[in-house]
Amino acid sequence: MKTRTTYGFTILEIILATTLFALISVAVFGVFRTGTRAYRDAQREAAVLQRTRFIFDTLESDIANLYYMDETSYNIQAEKMIKEYEKERLEAEEDNDWDAFEQKYGPREDDREADNDPNYVGNPFEQVRMIDLQFAGEDREEADGMSFAIYNKLQVGGNYYLAGLERVHYTVDNGVLIRSVESVESNPRTWTGEVIEKENPPQHMIVAEGVVTLDFKYAFWVDNQWYETDAWNSANRQLRNPQYLLGEYEFEEDDDGRIVFGPGAPGWNDYLNDLENQPLDRVPAYIRVRLQVADPESPARTHTFERIFRVPNSQETWFINTNLEEEEQEMERQERDQEFTPVYPGALRKESR
């Protein structure tokens, strides 16, 4: 009689198999978890990059369409009329007599009566259109602001503003980057000077959320050196061709009795008149944008990006100030280096001979 042999697993074999399966499962799960984490991180990175790319593309498009004119080139008749109005308004306020002022600028119930009065002006703010084509950059610590005029981007159903121009504003409010667009016209006013809203109010668009830092640096070229500053006003005469840098110096008569201009000194009014003939700062040569964006899933984690945009219509018009002696020119360089940020200090500066 044959004996039947039974085959099976020993306890040791089962333990080894179970251990091996567990090790393989842990390894597979680790690879899967790493892959999932990498995929999630890549998705977050892609979201941040997409958000950043949209911000930079929007800025680049607007800066490329920038339109600028010196403030002395327009609003000439309008400013003349408004100054006359302001002068007469102050006189009426000082004399506490508003009859003549109201007779000239106030509304008339009878149009024929107004037509027969050659001195009647009416609301001067309705007679003229004040516009703003200046470039302005405001330093606001972590969230800077910037405003300038651009060519109107015609869109179906969009607004067409005066002269085909519109004014764009960039602001950050609680981490939200907002692009606002309005006409280049100043706000209308009543005949008493009270500011009222425009017929077409500004249109606001959310460009991106999660903006932690938006920093603008504005560049200009002086004395064979690039400089960057935190704020900009195109109507100033301060950066490119200052007669004296920010009026920092204490000017007195020298040993030979030569007058070096300063407040209250003889010739100071002539200096101020000459200053009015100096070129305006106009628009910067380029804008350096530093952007810090929060991670969508982990706001404490941020990503920092930086780009440079060249500004059209920029004119580098710096000239050596021949009114300054060599020692004073060096003082001006030192003051400038302290006031503004030299870019690659000294690398582009030429030795004066």
Would you say [X]'s side chain and [Y]'s backbone share a donor-acceptor pair under 3.5 angstrom?
X	Y	answer
D281	S234	no
Q225	V343	yes
D70	T72	no
N96	A92	no
T58	F54	yes
D95	D97	no
S73	M69	no
D139	D144	no

Salt bridge between [X] and [Y], side-chain N to carboxylate O under 4.0 Å?
X	Y	answer
E306	R288	yes
R301	E45	yes
R336	E339	no
E84	K87	no
E126	R189	no

Inset, instruction - Report the C-alpha separation of W221 and Y286 in whole Å, then their side-chain angles, then the decisive distance to 0.1 Å, and conclude whether the ring pair (Phe, Tyr, Trp, His ring centres under 6.0 Å) test is met. - result: CA-CA 10 Å; W221 172 266; Y286 66 80; over 10 Å; no
With a 4.5 Å cut-off on side-chain heavy-atom distances among I, L, V, M, F, W and Y, is there a chain of contacts connecting [X] to [Y]?
X	Y	answer
V212	V293	no
I63	M205	yes
L177	F309	yes
I178	L59	no
I206	V181	no

So [Y] and [X], do their side chains get closer than 4.5 Å, heavy atoms only?
X	Y	answer
L214	V289	yes
E182	Q203	no
V48	Q50	no
W98	R89	yes
Y218	F340	no
L66	V283	yes
F101	E91	no
R290	K217	no

Legend entry - Chi angles and distances behind the side chain to side chain donor-acceptor pair (under 3.5 Å) call for S183, R167: CA-CA 6 Å; S183 69; R167 190 159 188 83; over 6 Å; no
At what distance, to the nearest 0.5 angstrom, does [atom1] of [X] lie from [atom2] of [Y]?
X	Y	atom1	atom2	answer
E330	D223	CD	CG	8.5 Å
R179	M146	CZ	CE	11.0 Å
R53	E60	CZ	CD	12.5 Å
L280	N233	CG	CG	9.5 Å
I82	Q77	CD1	CD	12.0 Å
I196	N187	CD1	CG	8.5 Å

Inset, instruction - Using the side chain to side chain contact (heavy atoms under 4.5 Å, CB included) rule, take Q292 and V211 through it: C-alpha gap first, then chi angles, then the decisive distance, then the call. - result: CA-CA 6 Å; Q292 193 174 18; V211 177; over 6 Å; no
Closest approach of [X] and [Y], non-hydrogen atoms and distance?
X	Y	answer
W191	P107	NE1-CD, 3.4 Å
P124	Y85	CG-CD1, 3.5 Å
V311	P284	CB-O, 3.3 Å
A64	P312	O-CG, 3.9 Å
E316	A285	OE2-CB, 3.0 Å
V184	E166	CG1-C, 3.8 Å

Inset, instruction - Run the ring-centre check on F135 versus Y68 and record whether the distance is less than 6.0 Å. - result: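 Not under 6.0 Å, so no.
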Legend entry - Aromatic ring proximity, centroids under 6.0 angstrom, Y105 and Y120: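 No, ring centres 6.0 Å or more apart.
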Just by distance, with hydrogens left out, do [X] and [Y] show a side-chain donor and acceptor under 3.5 Å apart?
X	Y	result
Y170	D62	yes
T341	E228	no
Y227	D337	yes

Counting only heavy atoms from other residues, nucleotides and ligands, does the tally under 6.0 Å from [atom1] of [X] exceed 12?
X	atom1	answer
E199	CD	no
N174	CG	no
E209	CD	no
K80	NZ	no

Inset, instruction - Test side chain to side chain contact (heavy atoms under 4.5 Å, CB included) on I308 and I287 and set out the steps. - result: CA-CA 6 Å; I308 293 178; I287 304 172; over 6 Å; no
Inset, instruction - May I have the step-by-step check of side chain to side chain contact (heavy atoms under 4.5 Å, CB included) for L239 and V222, ending in yes or no? - result: CA-CA 8 Å; L239 302 175; V222 172; over 6 Å; no
Legend entry - Full working for side chain to side chain contact (heavy atoms under 4.5 Å, CB included) between M130 and E79: CA-CA 8 Å; M130 298 283 288; E79 287 187 350; 4.0 Å; yes
